[in-house]
Chemist: 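One structure coming up, written as structure tokens, with questions to follow.
Predicted, not measured: the structure shown is a model, and the values here were computed from it.
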Amino acid sequence: MTYAMITRMETEVVLQKLEAFYGVQEACWPADPYLFLVWWHCGYPASDATCTKGWESLNGETGVEPRQLLATPPQKLASALKSGGMVPELRAMRLKEIAARVQDELGGDLRAALVGPLTKVRKILKKFPNIADPGADRILLFGGIVPVAAVPSNCPHVLVRIQRGRERENYGVNYREAEQAIEAEVPEKFDARTRAYLLLKRHGQELCKRSNPKCDRCPVSGGCAYFAGKSRGRG
Ligand code: SF4
């Protein structure tokens, strides 16, 4: 499929325009790998809002350290997690699983275990519930462990649309294409890559939604390959 002939917008230019539009973004989740895993299970469906709600409740009711989670009866944990949304009982079980693994298999310190070759580190992270490659990348980047080219898991399509046009059906292909663009064009530094992650995430949540993107209000529409295609009736 060909789209209107527009020059591919460089990733840094995309990020500058998004930053000018949304302002500087800050992460609202804990940077520590273990605490992030707990936070991630505090809400369902997981979002900044649901996870933060459940996280605040859990902190107030039981605490979030492994020994505190293990010592709390499942019903009490589930009740503390209710404010984060659906399936609190299941999330309570997951939290116990996470706490047990960190305490029993990793000496109570997940961060200390995340050293050595990247494949080994990823393997450790992916043993935790609901953590696949995108989640592992997010933990590595925001935890200050490896400045990988993490892509927000719910919107890998954003950069792909801007630079290539309509995204593919296959999630993995979109993720890899976005990852490659970041890898090639965003310096391999924690601050640069967290900035890219947060801006793309914000844009994916706010305007460049998976279905029905709000192109008429978008700050990068002038250089977006997807929009150029849509304008020509190919959207
Ligand atoms: S113009 Fe539309 S498709 Fe392109 S980035 Fe903006 S919202 Fe997304």
Side-chain angles (χ1 to χ4, degrees), residues 22-115 121-146 148 150-155 190 194-195 197-202 204-206 209:
Y22 294 113
V24 174
Q25 302 297 298
E26 278 182 29
C28 67
W29 52 85
D32 176 77
Y34 165 74
L35 294 180
F36 174 80
L37 285 174
V38 175
W39 179 87
W40 186 239
H41 286 83
C42 281
Y44 191 84
S47 69
D48 291 353
T50 58
C51 292
T52 299
K53 256 191 182 171
W55 167 259
E56 282 168 3
S57 163
L58 190 68
N59 264 287
E61 301 269 327
T62 69
V64 295
E65 293 304 319
R67 60 180 172 75
Q68 293 172 312
L69 296 180
L70 290 171
T72 305
Q75 300 88 329
K76 191 171 177 207
L77 267 188
S79 148
L81 292 170
K82 256 191 189 145
S83 61
M86 294 157 68
V87 293
E89 295 83 6
L90 181 64
R91 290 186 283 119
M93 278 170 48
R94 296 282 183 256
L95 283 187
K96 281 195 172 281
E97 198 183 314
I98 292 164
R101 181 162 293 151
V102 169
Q103 184 150 296
D104 301 342
E105 297 175 21
L106 303 171
D109 191 347
L110 173 58
R111 177 183 283 277
L114 300 178
V115 290
V121 168
R122 275 186 197 283
K123 209 167 159 191
I124 293 172
L125 287 172
K126 284 160 70 177
K127 275 192 183 169
F128 287 98
N130 298 312
I131 296 297
D133 282 318
D137 286 349
R138 180 174 176 170
I139 291 170
L140 293 171
L141 176 62
F142 284 89
I145 297 163
V146 186
V148 291
V151 180
S153 62
N154 57 353
C155 45
F190 289 110
T194 53
R195 170 178 174 255
Y197 183 102
L198 292 169
L199 286 166
L200 294 172
K201 178 173 182 289
R202 176 77 187 268
Q205 281 170 343
E206 205 117 331
K209 296 167 186 278

Chemist: Taking all non-hydrogen atoms of both residues, which atom of Ser83 and which atom of Gly54 are closest, and how far apart?
Modeler: OG-CA, 3.9 Å

Chemist: Which pair of heavy atoms, one from Ala78 and one from Pro88, lies closest together, and at what distance?
Modeler: O-CB, 3.4 Å

Chemist: Taking the side chain as every heavy atom from C-beta outward, state whether Tyr22 and Leu198 have any pair of such atoms under 4.5 Å apart.
Modeler: no

Chemist: Would you compute the distance between atom CH2 of Trp29 and atom OG1 of Thr52 and round it to the nearest 0.5 angstrom?
Modeler: 9.5 Å

Chemist: Before you tell me yes or no, could you show the steps for Leu37 and Val102 under side chain to side chain contact (heavy atoms under 4.5 Å, CB included), namely the whole-Å CA-CA distance, both residues' side-chain angles and the distance that decides it to 0.1 Å?
Modeler: CA-CA 11 Å; Leu37 285 174; Val102 169; 5.5 Å; no

Chemist: Indicate the atoms forming the closest heavy-atom contact of Trp39 with Cys28, along with that distance.
Modeler: NE1-O, 4.1 Å

Chemist: Do you know the tightest heavy-atom contact between Arg67 and Gln103?
Modeler: N-OE1, 3.7 Å

Chemist: With rounding to the nearest 0.5 Å, note down the distance linking OG1 in Thr62 to CG in Leu70.
Modeler: 11.0 Å

Chemist: Treating Ser79 as the side-chain partner and Gln75 as the backbone partner, does any N or O pair qualify as donor plus acceptor under 3.5 Å?
Modeler: no

Chemist: Look only at the side chain of Glu97 and the backbone of Met93, and say whether a donor-acceptor pair between them is shorter than 3.5 Å.
Modeler: no

Chemist: For Pro45 versus Met86, what's the shortest heavy-atom pair and its separation?
Modeler: CD-SD, 4.0 Å

Chemist: Under the salt bridge (charged side-chain N to carboxylate O under 4.0 Å, His left out) definition, can you give me all pairs with a residue in residues 40-49, not counting sequence neighbours?
Modeler: Asp48-Lys201

Chemist: At what distance, to the nearest 0.5 angstrom, does CH2 of Trp40 lie from CH2 of Trp55?
Modeler: 14.0 Å

Chemist: Are Leu110 and Ile98 close enough that some pair of their side-chain heavy atoms sits under 4.5 Å apart?
Modeler: no

Chemist: Does Gly23 offer a backbone N or O that forms a donor-acceptor pair with the side chain of Arg202 under 3.5 Å?
Modeler: no

Chemist: Quick one: CG on Leu77 to CG on Leu58, what's the gap to the nearest 0.5 Å?
Modeler: 6.5 Å

Chemist: Does NZ belonging to Lys96 count more than 12 external heavy atoms closer than 6.0 Å?
Modeler: yes

Chemist: Report the distance from atom CG of Leu69 to atom NZ of Lys76, rounding to the nearest 0.5 Å.
Modeler: 11.5 Å

Chemist: If a pair satisfies salt bridge (charged side-chain N to carboxylate O under 4.0 Å, His left out) and one of its residues is in residues 130-141, list it, with sequence neighbours excluded.
Modeler: Arg122-Asp133, Arg122-Asp137, Lys126-Asp133

Chemist: For the atom pair CZ (Phe190) and CD1 (Ile145), what is the distance rounded to the nearest 0.5 Å?
Modeler: 8.0 Å

Chemist: Answer whether the closest heavy-atom distance between the side chains of Cys42 and Leu81 falls below 4.5 Å.
Modeler: yes

Chemist: Evaluate the criterion side chain to side chain contact (heavy atoms under 4.5 Å, CB included) for residue pair Val146 and Leu114; output intermediate values, then yes/no.
Modeler: CA-CA 10 Å; Val146 186; Leu114 300 178; over 6 Å; no

Chemist: Would you mind listing every salt bridge (charged side-chain N to carboxylate O under 4.0 Å, His left out) that reaches into residues 102-111, with sequence neighbours excluded?
Modeler: Asp32-Arg111, Arg101-Glu105

Chemist: Do you know the tightest heavy-atom contact between Leu141 and Ala150?
Modeler: CD2-CB, 3.9 Å

Chemist: Does OH in Tyr44 sit with more than 12 non-hydrogen atoms of other residues, nucleotides or ligands closer than 6.0 Å?
Modeler: no

